[in-house]
Structures are given as C-alpha cells and as structure tokens.
Amino acid sequence: MNISFLSRLLHSNSGRTGLIKKNILASFFVKGWLIVVQLLMVPLTLHCLGVYENGIWLTISSMLVWIDNLDIGLGNGLRNKLAEYIAKNDIQGARRAVSSTLFMLILFIVPVALLVNIWIWNADTYTFFNVNNQIVNNLDQILSASAIFVCSTFIFKFIGNFYMGMQMPAVNNLLGTLGQTLALIGTFVVYISGSHSLFYISIVNTLAPLLVYVISYPITFGKRYPHLRPSIKLVDKKSIVELFNMGMKFFVLQVSAVVLFMTTNILISRYYSPEMVTPYQIAYRYFSVVQLLFFIICVPYWSATTDAYNKQDFAWIKNAGKTLDRIIMGIMAIAVLMIVVSKPVYNIWIGDGDLVSSDLNVMVAIYVMLLTLSMRYSYILNGFGTLRLQLIMTVSAAVCYIPLAMLFCKNSNDIRYLLAVMCAVNVPGLVVNTIQYYKIIKGKAQGIWLK
C-alpha cells in the first residue's frame, strides 16, 4: 500500500468513489482508535480477571455473539434494500423498510430473550462451559444479565445498518467504537476499584454498547433523518416479505459464520480448558488488526457496489476490484511483518511474550488472512445480492467444522489441529467466491453463479 496509490484513491473525482473515500478516511480515524481500545482491553481484562476467568469471559462473549447475529438477516437486508431505495430516490419505500425492520426485530428478539433465560436458569451451565463453580459461583447471573443487555442492543443496533444502507459506514463504525470505548472506561473503573469481578466486567461490556445506541436513536431519527423515522403505521407486508427474501439469505450466512468463527472458544473451553482460550484469543486479537484494517476499506464498497450494480456501472466495479486487490497485497505484507515482531510486541502488550507459542501464532495468522482474503470477494458479492453459492459453501463449511473440530479436540491435546481444521473448511468457500466474482464482472456468469 504505497503513498502514490493512496493519493490517487483520495483524489478520485467519482461521486460514488468520493463517498467511499470520505468514509474510509473517517473510518481509519475511528477504527484506529478502536484498535487502540481493543489492544488496551486485553491486558486490562487479563489483569483484572486472571487467565482462568478471562478465558470464561471470552467464552461467554462468543455465546453472546450468537444472539447478536440472530437478526434473521434483517439488518443486512435493510442495508441492501435501503441502498436500492435511495438509489431510486424512493423515500417512502425507504421509510417503510426502516419501520418494518425495527418492528420485526422487536417481534423476534423478545421470545429469544425469554428462551435464552429459560435455558440459563434450567440447564447445567457449569458443565456446558466446563467452569469450576468453586472459582465462579454466580455464572447463571452473569449469563442472564449479559443476555438481557445484548438482546436489548440487538434491537437498537439496526441504526448501524441504517447508516450502512445510506453509504455511511463510518457512522456505524463510530457507534461501535463509542460503545467499546465506554466499555474500556468501565473496565478500568472496575480494575481500580479492586473488585475484579467477572459479574461487573460482563455488565460493563454488555451495557456500554446499548447506552450508545439508545442515545443515537433520537439523534438519528429525530434530528438528522426525521423523514425516515420508523412508524408503526408504515409497517407493511410487502416490505417485510422483501426484507425476509433478502434477509434470510444473510441470516443463514450469519449463523453459519457464527458456527465457523465463534464456537472455537467454547470448543477450547470444553475440550481443553478455559485457560487455553486466553492465548488463542490474544493471538486472534493481535492479528485481527489486519482484518480490521481491510474491513475499514472494504465495507464502504458493499453498499456502493449495490448502487453501481443497480445502475449497471460495471466499469466502476472493475476499477474498485483492482483497488481492493492492491490493498490486499499490502495487508498480507503487514501480516507477515506482525508474525516476525510478535514476541516483542506481546512482551510490551501483555507482559509475557511466551504466553502465545510461535506455532499458534503462525496458525492464527494464516486463519485470519484466509478470512480477510475471502472478505475481499464476499463483500462485493453481497453488494450484488448474489448469495446462493455463498450460502451453500458457508453452510457446508459449518456442517463439516463442528464434527471435525470435535474429533480432533477429543483425540489431541494440541490446539494447532483445531486451527488447521478452521483453515481447511474455509478454503473451498474462498475459491468459489473468487470464481463467482470474476465470472460476474466478465459477464460470463449464468445459472447459480448469478443467484
């Protein structure tokens, strides 16, 4: 990623590219701060809870991500439909989509919250998470409170998808970063108070994002976009059906992605120990910095691609693809450098350069780069709305992952085998995404390649 390339990107005169440029610049500042926040959160939480309880919190967080992604694809459905309506200047259609999305999210999450709490208070959660009740004696309370706050955030988080559909992902990034910053401040307060309670850490980390989204609601729909404010009167069957048709595809993708990306902590906790979750997550958090950097650049292209695709502007799409290819090469070079300097970085960051083994480090780096490279194609395909093959490949990977992961976990004490499985199941999807992308932009896609 050289200076002259960035200069050309920043001085592009295209209206669509200009909007992307502004969002990338804003997102770099916002996400740059988020990276700092996340890096600070790791040693702070580790020192606050210790390796064992920190591993438990990371495992619980993985479960909460499941809830966070169970929006039946409505969030991403809104994102695509809103971009379509705005491209066509259909304000009434856009408001119906916003209203219908909010209504359906509320209708869906209330029973989910009840079912999750029924499970928590009736299941043996200590056995499920492989937690020693002599060390943590209030696990059910921690899970219940965290789930309630996450379910509440689930509703208001659609505001972020609203801004994504408006081709302003930087605002969505800002909301997420403010929530994480507030959580960091809360965690620091818990740390200096000396309580070092897993319960307080869970409350701080789940309540902070909710507060940010609740505050952003009146600012968004009361001040900035009153003409798009949700109304129960505008909820209609046609909009719900359109959102479901688009959203269900995203929903299946999200659930499958959760199985692939977020069950690892639980598998490590159950089959190895909560303590082993910590080094894996430290390595993942370290290398996810490069994924986050590419995410900042790639996300604005999703809704912009939807706009270009609806206007049949394939020249812009091809140029955007070339830009992303150059950027991904720079991202990979950064990842290699991060492997080389990882031990001294860990020494400075968490105070223990030997907590993460070199083999684990390399495996996690390979895994993250596979995900990042796949993102380069999947986000553009999402913008096209061509999700069928992604569905097939992601679901197939998820179906294969769990039994293979359990098999290796049961028969090996080496976490590297689990990471090898994680890498292997993601390769076929990357290959298919790449082929489909080039078929579409070359005008050679037919049948399932266009669905």
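Please read these numbers as outputs of a predicted model, since none were measured by experiment.
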- In Å, rounded to the nearest 0.5 Å, how long is the span from SG of Cys423 to CG of Leu418? 10.0 Å

- Item | Side-chain heavy atoms of Tyr85 within contact of Gln92, under 4.5 Å | no

- Query: For the residue pair Tyr286 and Tyr346, is the inter-centroid distance of their aromatic rings smaller than 6.0 Å?
  - Reply: yes

- So which of Leu210, Asn117, Ile109 actually passes side chain to side chain contact (heavy atoms under 4.5 Å, CB included) with Cys151? Ile109

- Message: Any heavy-atom pair between the side chains of Thr101 and Phe162 that's under 4.5 Å?
- Response: no

Show me the side-chain donor-acceptor pairs of residues 334-345 shorter than 3.5 Å, one per line, residues at least two apart or across chains.
from: Ser342; atom 1: OG; to: Ile339; atom 2: O; distance (Å): 3.0
from: Ser342; atom 1: OG; to: Asn361; atom 2: ND2; distance (Å): 2.6
from: Lys343; atom 1: NZ; to: Asp354; atom 2: OD1; distance (Å): 3.1

- Message: Determine whether Leu175 and Tyr213 satisfy the following criterion, side chain to side chain contact (heavy atoms under 4.5 Å, CB included), listing intermediate values before the conclusion.
- Response: CA-CA 7 Å; Leu175 294 175; Tyr213 282 116; 3.9 Å; yes

- Message: Working note: Asn54 + Leu58, criterion side chain to side chain contact (heavy atoms under 4.5 Å, CB included); need CA distance, chi angles, decisive distance, verdict.
- Response: CA-CA 6 Å; Asn54 184 65; Leu58 291 171; 3.6 Å; yes

- In Å, rounded to the nearest 0.5 Å, how long is the span from CG of Asn433 to OH of Tyr377? 9.5 Å

- Contact check, side chains of Tyr284 and Gln291, non-hydrogen atoms, under 4.5 Å: yes

- Item | Leu430 and Thr434, any side-chain heavy atoms less than 4.5 Å apart | yes

- Message: Within the structure provided, determine whether Tyr367 and Asn426 are in side-chain contact (heavy-atom separation under 4.5 Å).
- Response: yes

- Task: I would like to know whether Met369 and Ile331 meet side chain to side chain contact (heavy atoms under 4.5 Å, CB included); could you show each step before the answer?
- Result: CA-CA 9 Å; Met369 285 314 302; Ile331 292 292; 4.0 Å; yes

- Please check if the distance between the ring centroids of Phe221 and Tyr217 is under 6.0 Å. yes

- Message: Quick check against the 3.5 Å criterion: does Arg95 have a side-chain atom that pairs as donor or acceptor with the backbone of Arg229?
- Response: yes

- Enter the distance from Tyr271:OH to Ile415:CD1 here, rounded to the nearest 0.5 Å. 14.5 Å

- Query: In Å and rounded to the nearest 0.5 Å, what is the CZ to CD1 distance from Phe103 to Ile232?
  - Reply: 5.0 Å

- Query: Is there side-chain contact between Leu324 and Phe294, with heavy atoms separated by less than 4.5 Å?
  - Reply: yes

- Stepwise side chain to side chain contact (heavy atoms under 4.5 Å, CB included) test for Val36 and Leu40: CA-CA 6 Å; Val36 173; Leu40 289 173; 3.9 Å; yes

- Item | Side-chain donor-acceptor contact under 3.5 Å, Tyr163 with Thr220 | yes

- Have a look at Leu184 and tell me which of Val204, Asn205, Val37 forms a side chain to side chain contact (heavy atoms under 4.5 Å, CB included) with it. Val37

- Do the non-hydrogen side-chain atoms of Gln38 and Leu292 ever get within less than 4.5 Å of each other? yes

- When you measure from the side chain of Thr153 to the backbone N and O of Phe149, does any donor-acceptor pair fall under 3.5 Å? yes

- So OG1 of Thr125 and CG of Asn130: to nearest 0.5 Å the spacing works out to 12.0 Å

- Message: Assess, by modelled atom type and distance only, whether the side chains of Thr45 and Trp57 contain a donor and an acceptor separated by less than 3.5 Å.
- Response: no

- Smallest heavy-atom separation, Ser99 atom then Val235 atom, equals O-CG2, 3.6 Å

- Minimum heavy-atom distance Ala283-Val356, with the two atoms named: CB-CG1, 3.8 Å

- Distance in Å, Ile86 CD1 paired with Ile91 CD1, rounded so as to fall on 0.5 Å steps: 4.5 Å

- Query: Does atom OH of Tyr417 have more than 12 heavy-atom neighbours, drawn from other residues, nucleotides or ligands, at distances under 6.0 Å?
  - Reply: no

- Item | Closest contact, heavy atoms only, Pro428 versus Val425 | CD-O, 3.7 Å

- Item | Heavy-atom pair with the smallest gap, counting every atom of Ser100 and Asp236 | OG-N, 3.5 Å

- All heavy atoms of Leu228 vs all of Ala94, minimum pair found to be CD2-CB, 3.9 Å

- Message: Counting C-beta onward and ignoring hydrogens, is there a side-chain heavy-atom pair between Ile282 and Trp349 closer than 4.5 Å?
- Response: yes

- Considering all heavy atoms, the nearest Ala405-Val421 contact: N-CG1, 4.2 Å

- Message: Quick one: does any side-chain atom of Ser374 pair with a main-chain N or O of Leu370 as donor and acceptor, under 3.5 Å?
- Response: no

